[in-house]
Amino acid sequence: TLCGTSRFPYSPEFSSGGYHAWPPIDLGDQEFTTHAALMHGVRGFNFYMLSDRERWYGAPVRRDGSADEKRVRFYKRFLRLFNICRGSKRAADTLLCTTRLYGRLESLSNAFEPLSPLVLSGLGIGAEAMCRRIGLGLLHPPASTHASLQRGLFDALTHARLGFDLGEPDRPLGNLGRYRMAVIPGLEIIGRAEAEALIEFARSGGTLVLGPEVPKYDESGKVLKTFTDALSGPGIRPDRAGSARTIRVGSGSVTIVPD
């Protein structure tokens, strides 16, 4: 899913084993996670900890320097497969949009500080649970609500078996034009550049899905008319309480999902 974030998505520390403090893993687990990363478009690996140590196990090289033949065979097979797939690209026509604004808010409102989000995620605590519910005068606490919506959209697209990438809509690397549909949690605030990129995406023929709110303010708290102007033209279907509505914008459309 990192294909929407970078031209060359890679893992600088791709583990070839695990810590004793983590849930136990075996070779089958390693095969699954390594192949899954390749399936999701990772195009480069720097394998981390290729040899066992005092608090690391499951690597292809044991602590005494001898080879774990089963794991050595797996990594040889994987490298052959990786070379075959090197020129291929992941097929995905949907972009699940991420925003740095809300990512920063989630970090600032982390109730478990100074524990790292990486540690908390390893304990099964997601961003929606670690954020303080600070309203900031808005309809919804922005950090926790956005994290919950993002997780819900991620799970929904996964269960629908839709191939999708993660990316920021206003970044050139995101390249919205590569996608047929963009999905983003809709709250009251959004970056002005992101709003303009998303509306231009719809005008150019894309399908934009957002909700439950239509953004009204930019990252500085100033009134944002990008969405209201684009969605207030003639031919819009009237609101129906509790139902999604689709609005034609240029050659594409915007669908607003209230809940």
Side-chain angles (χ1 to χ4, degrees), residues 1 4 92-103 105-106 109 126-129 131 133-170 174 176 179-219 221 223-233 235-259:
T1 54
D93 57 10
T94 299
L95 181 70
L96 175 56
C97 299
T98 62
T99 61
R100 294 194 179 189
L101 170 63
Y102 285 100
L105 284 174
E106 289 167 15
S109 61
E128 62 273 21
C131 292
R133 297 185 178 278
I134 303 173
L136 301 178
L138 301 171
L139 289 175
H140 310 281
S144 57
T145 304
H146 180 271
S148 179
L149 289 171
Q150 188 83 2
R151 169 54 60 185
L153 290 172
F154 187 99
D155 291 344
L157 291 171
T158 300
H159 292 316
R161 298 179 181 269
L162 292 176
F164 65 95
D165 292 334
L166 293 170
E168 299 174 34
D170 61 326
L176 273 173
Y179 303 97
R180 296 175 57 190
M181 181 169 67
V183 183
I184 186 169
L187 293 174
E188 291 174 273
I189 297 176
I190 192 173
R192 190 171 291 271
E194 294 168 326
E196 293 171 353
L198 289 167
I199 289 299
E200 182 57 33
F201 167 73
R203 287 197 180 106
S204 301
T207 297
L208 173 62
V209 179
L210 78 159
E213 305 291 334
V214 174
K216 300 175 182 177
Y217 306 101
D218 68 9
E219 64 271 40
V223 173
L224 178 72
K225 295 185 177 181
T226 306
F227 283 95
T228 53
D229 288 348
L231 304 179
S232 61
I236 299 175
R237 289 188 232 164
D239 290 351
R240 290 181 296 169
S243 64
R245 56 193 177 105
T246 299
I247 301 164
R248 298 296 303 179
V249 176
S251 301
S253 64
V254 176
T255 296
I256 303 168
V257 183
D259 52 30

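All values reported here derive from a predicted model rather than from experimental measurement. Keep in mind that the numbers below use all heavy atoms, side chains included, and drop hydrogens, waters and symmetry copies. Index from 1, following the sequence.
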Taking side-chain contact (heavy atoms from CB on, under 4.5 Å) as the criterion, tell me which of V183, L210, T246, L208 meets it with T255.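 Exactly one option meets the side-chain contact (heavy atoms from CB on, under 4.5 Å) with T255, and it is T246.
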
Which residue in the set L96, V209, D93 passes side-chain contact (heavy atoms from CB on, under 4.5 Å) when paired with M181?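 Of all the options given, the one that passes is V209.
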
Can you check whether F154 reaches F164 side chain to side chain, under 4.5 Å on heavy atoms?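 Sidechains of F164 and F154: in contact.
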
Does T99 reach the side chain of I184, with side-chain heavy atoms less than 4.5 Å apart?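 SC-SC contact between T99 and I184 confirmed.
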
Using the test side-chain contact (heavy atoms from CB on, under 4.5 Å), find all partners of L149 that sit at least two apart in sequence or belong to another chain.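 If we apply the side-chain contact (heavy atoms from CB on, under 4.5 Å) test to L149, skipping adjacent residues, the hits are T145, P185, L187, P212.
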
Among all residues two or more places apart in sequence or in another chain, which pass the side-chain contact (heavy atoms from CB on, under 4.5 Å) test with V214?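 If we apply the side-chain contact (heavy atoms from CB on, under 4.5 Å) test to V214, skipping adjacent residues, the hits are F227, L231, I256.
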
Keeping to residues at least two apart or across chains, list the salt bridge (charged side-chain N to carboxylate O under 4.0 Å, His left out) pairs with something in residues 197-208.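 For residues 197-208, and leaving out neighbouring residues, there are no salt bridge (charged side-chain N to carboxylate O under 4.0 Å, His left out) pairs at all.
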
Salt bridge (charged side-chain N to carboxylate O under 4.0 Å, His left out) pairs, two or more places apart, involving residues 147-163: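 Applying salt bridge (charged side-chain N to carboxylate O under 4.0 Å, His left out) to every pair that reaches into residues 147-163, excluding sequence neighbours, yields R151-D155.
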
Closest heavy-atom contact between A202 and S253?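 That would be CB-O, 3.9 Å.
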
Which atom names give the shortest non-hydrogen contact between P169 and L198, and what distance separates them?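 Minimum heavy-atom contact is CB-CD2, 3.7 Å.
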
Pair up each side-chain donor or acceptor in residues 188-195 with any protein partner under 3.5 Å, not counting sequence neighbours, and list the distances.
residue	atom	partner	partner atom	Å
E188	OE1	L139	N	2.6
R192	NE	D218	OD2	3.1
R192	NH2	D218	OD2	2.8
R192	NH2	V223	O	3.3
E194	OE1	G191	N	3.1

So, using side-chain hydrogen bond (donor to acceptor under 3.5 Å, both in side chains) as the criterion, who are the partners of T158 when residues are at least two apart?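 Result, side-chain hydrogen bond (donor to acceptor under 3.5 Å, both in side chains) vs T158: none returned.
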
